[in-house]
K.L.:
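Pasting a structure below so you can have a look.
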2 protein chains.
Amino acid sequence: MTAAQKSTALRTSNIGKDDIPLSSDDVFSHVYQAILDRRLPPGTKLREVPLAELFGVTRGTIRKAFTQLANQKVIDLIPNRGASVAYPTVEESRDLFAARRTIESAIVEQLTSRVTKSQIRELNAMVKRENAAYDKGDTREALKLSVDFHRVLATMAGNSVYADFLEQLVTRTPLVVLAYRDPAQATACANQDHQDLVTAIAAGDSVRAINTMRCHLCNLEGQLDLKNSTPSSELAAIFGLNAVSHRNAKRNLQ
Amino acid sequence: MTAAQKSTALRTSNIGKDDIPLSSDDVFSHVYQAILDRRLPPGTKLREVPLAELFGVTRGTIRKAFTQLANQKVIDLIPNRGASVAYPTVEESRDLFAARRTIESAIVEQLTSRVTKSQIRELNAMVKRENAAYDKGDTREALKLSVDFHRVLATMAGNSVYADFLEQLVTRTPLVVLAYRDPAQATACANQDHQDLVTAIAAGDSVRAINTMRCHLCNLEGQLDLKNSTPSSELAAIFGLNAVSHRNAKRNLQ
DNA sequence: GCCCATCATTTTGTCAACAAAATATGATTG
DNA sequence: CAATCATATTTTGTTGACAAAATGATGGGC
């Protein structure tokens, strides 16, 4: 990917040309979103100077954003060799889903034992909004609401460590979905699952709630192509740069 | 704590006066160890310039170490207001142990299903070494070996996310143990638990293995004073600086 | 043609000076 | 005496220039 193309890939709106400079968090978000949007495909090298100029910040800001992104395993950051968009492996992806099952089961179990009526109301409201977004065909909004649903469950469970861990997991999940989803299938949280989950939690039925959550996550994982065979994206990684990004770069960057 | 006292608190050996300068990881380790040794009590303000001079590094290195320490919640890092040794609250501590039960149950369960004979041998060897250290009265070494035992379990389970999470948890655990342990009781992993755990894993009895692990962690938590009543350390935090550090500073820093 | 060494360029890493913010000090007033 | 404000000092945050490392290009030897 050339510098000019990367510039196009990141400049979704007028960024970095305002009065107040962007923070490293802003850079984090922009880069993260660009990766999710496939505007920065896995393996893409991220150089400090071009990014700094693009966002109108100093290299120090880019560097901070890089360490945050690397902490979340969104990019690989190797000393003296710079940053590149991460390549989730099949193993990593499976590990991630296993961890989600573990953590989110614990979250749901704890929440079931201490949920309040007003929390149930809030959860129902969220499911409703999510449904509305789906019905409207606004997939992007629906996806965001779906992730937020999982976040809110974590917060309501009242264990700050669970919440932290879940945050790390949901940050990484879209990357593996992106890398391994079967293009034929649409990938999203089946919304009925969320509704069922709230119902089980409201009923105080922790066994069913946990089961629903586990199925929910297994379904999501099942939509991915996590067989041992090398996926095209991984093949590309082996050879240093990805064919996908070259073939599709122009189209993807519009 | 005065600058001179803090200098004493950190300078365990001749550090930072060598030819090659220390890395931020080295600074991380030194500060972390000083906190575990109570040479830097909770609430202690950590200033960049004195630390940089002490370790013979630049402020940038200290800063990097700070962000790592803050990520692990070992210190609090507030923009424009610097760093101070973290104060684990009762809630945080309970959350931490709950998370350990969750994660380590999952680790043990997975490991039981796929453990090899040579892994069992390695685990038995570790327990043996741990026992030896206890018998020799080398509590510090025994404690290190005990933590390593948990780490090795995580690695052997073969899920990188579990291993990551466990690493975060074991980094924080000593801090809460330090803050809340009943001074009357010695706090350590009961070694027999480790032996029992290996036996259960070797037998392929995942239910017993999980139970043993949960009991093991509950025992550890039970040795702490995590009642809702405000511990002296927390009281001190409320009033901005800790009485403990003032009263005991000189004695602790020898 | 292929391999290796050399040199030029690009890219990342470091540092020290400067800027901004917070904190401490002390004077002043009600 | 307490409270408030102005000022001095300390502490954190930022930047741009320089150093070091990696990368890519060139050319010569085999």
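No hydrogens, no waters, no symmetry mates; every other heavy atom, side chains included, goes into these values. Since we're looking at a predicted model, the values are computed, not measured. The chains referred to below are lettered A, B, ... by the order of the sequence lines, with proteins before strands, and numbering in each begins at 1.
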K.L.:
Which distance, rounded to the nearest 0.5 Å, do you find between the CD of B:Gln68 and the OG1 of A:Thr67?
P.N.:
9.0 Å

K.L.:
Decide yes or no for A:Thr102 and B:Thr102: does some side-chain heavy atom of the first lie under 4.5 Å from some side-chain heavy atom of the second?
P.N.:
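Heavy-atom side-chain distance check passes, below 4.5 Å.
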
K.L.:
Can you say whether a donor on the side chain of A:Arg59 sits under 3.5 Å from an acceptor on the base of C:dG13, or the other way round?
P.N.:
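Check passes, donor-acceptor contact within cut-off.
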
K.L.:
Mind running side chain to side chain contact (heavy atoms under 4.5 Å, CB included) on B:Leu51 and B:Val27 for me, showing each step along the way?
P.N.:
CA-CA 9 Å; B:Leu51 282 179; B:Val27 175; 5.9 Å; no

K.L.:
Is it the case that the side chain of A:Thr173 and the backbone of A:Leu169 share a donor-acceptor pair, with hydrogens and angles ignored and the cut-off at 3.5 Å?
P.N.:
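Yes, the answer is positive, given that a donor and an acceptor are paired below the 3.5 Å cut-off.
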
K.L.:
Do the side chain of B:Arg172 and the main chain of B:Pro88 share a donor and acceptor less than 3.5 angstrom apart?
P.N.:
no

K.L.:
Quick check: do A:Arg47 and A:Val49 have side-chain heavy atoms less than 4.5 Å from each other?
P.N.:
no

K.L.:
Taking only nitrogen or oxygen atoms into account, show me every contact under 3.5 Å that the protein makes with nucleotides 5-10 of chain C, one pair per line with its distance.
P.N.:
none

K.L.:
With the side chain counted from C-beta on, respond yes when B:Gln72 and B:Glu167 share a heavy-atom pair under 4.5 Å apart, and no when they do not.
P.N.:
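They are not in side-chain contact.
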
K.L.:
Report all side-chain donor-acceptor pairs from residues 73-86 of chain A shorter than 3.5 Å, counting only partners two or more places apart or in another chain.
P.N.:
| from | atom 1 | to | atom 2 | distance (Å) |
| --- | --- | --- | --- | --- |
| A:Lys73 | NZ | B:Asp164 | OD2 | 3.1 |

K.L.:
Rounded to whole Å, how long is the line connecting atom CD of A:Glu48 with atom P of C:dT12?
P.N.:
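Computing the A:Glu48:CD to C:dT12:P distance gives 5 Å.
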
K.L.:
A side-chain contact here means heavy atoms from C-beta on lying under 4.5 Å apart; do A:Glu48 and A:Arg63 qualify?
P.N.:
yes

K.L.:
How would you give the extent of chain A contacts on DNA chain D, as first and last nucleotide 5' to 3' within a 4.0 Å heavy-atom cut-off?
P.N.:
D:dT14 to D:dT23

K.L.:
Checking A:Asp148 now: which residues fulfil side-chain contact (heavy atoms from CB on, under 4.5 Å) with it, not counting sequence neighbours?
P.N.:
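Counting only residues at least two positions away or on another chain, A:Asp148 forms a side-chain contact (heavy atoms from CB on, under 4.5 Å) with A:Met126, A:Lys144, A:Arg151.
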
K.L.:
Can you see if the side chain of B:Thr58 gets near the phosphate of C:dC15 - specifically, an N or O under 4.0 Å from OP1 or OP2?
P.N.:
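Affirmative; the distance criterion is met.
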
K.L.:
Looking only at atom types and distance, does a side-chain atom of B:Asp95 sit under 3.5 Å from a main-chain N or O of A:Ser160, one as donor and one as acceptor?
P.N.:
yes

K.L.:
Using five base pairs at each end to define the local axes, how bent is the helix from C:dG1-D:dC30 to C:dG30-D:dC1, to the nearest 10°?
P.N.:
10°

K.L.:
Within residues 60-77 of chain B, find the residues that approach DNA chain D with a heavy atom at under 4.0 Å, and present them sorted by residue number.
P.N.:
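Result for residues 60-77 of chain B: B:Arg63, sorted by number.
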
K.L.:
Between A:Asp26 and A:Ser23, is there a donor-acceptor pair closer than 3.5 Å when you use the side chain of the first and the backbone of the second?
P.N.:
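Flag set: sc A:Asp26 to bb A:Ser23 pair under 3.5 Å.
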
K.L.:
Could you walk me through whether B:Glu221 and B:Arg100 pass the side chain to side chain contact (heavy atoms under 4.5 Å, CB included) check?
P.N.:
CA-CA 11 Å; B:Glu221 186 176 3; B:Arg100 281 198 67 162; over 6 Å; no

K.L.:
Output yes when at least one side-chain N/O atom of B:Arg81 is less than 4.0 Å from OP1 or OP2 of C:dT23, else no.
P.N.:
yes

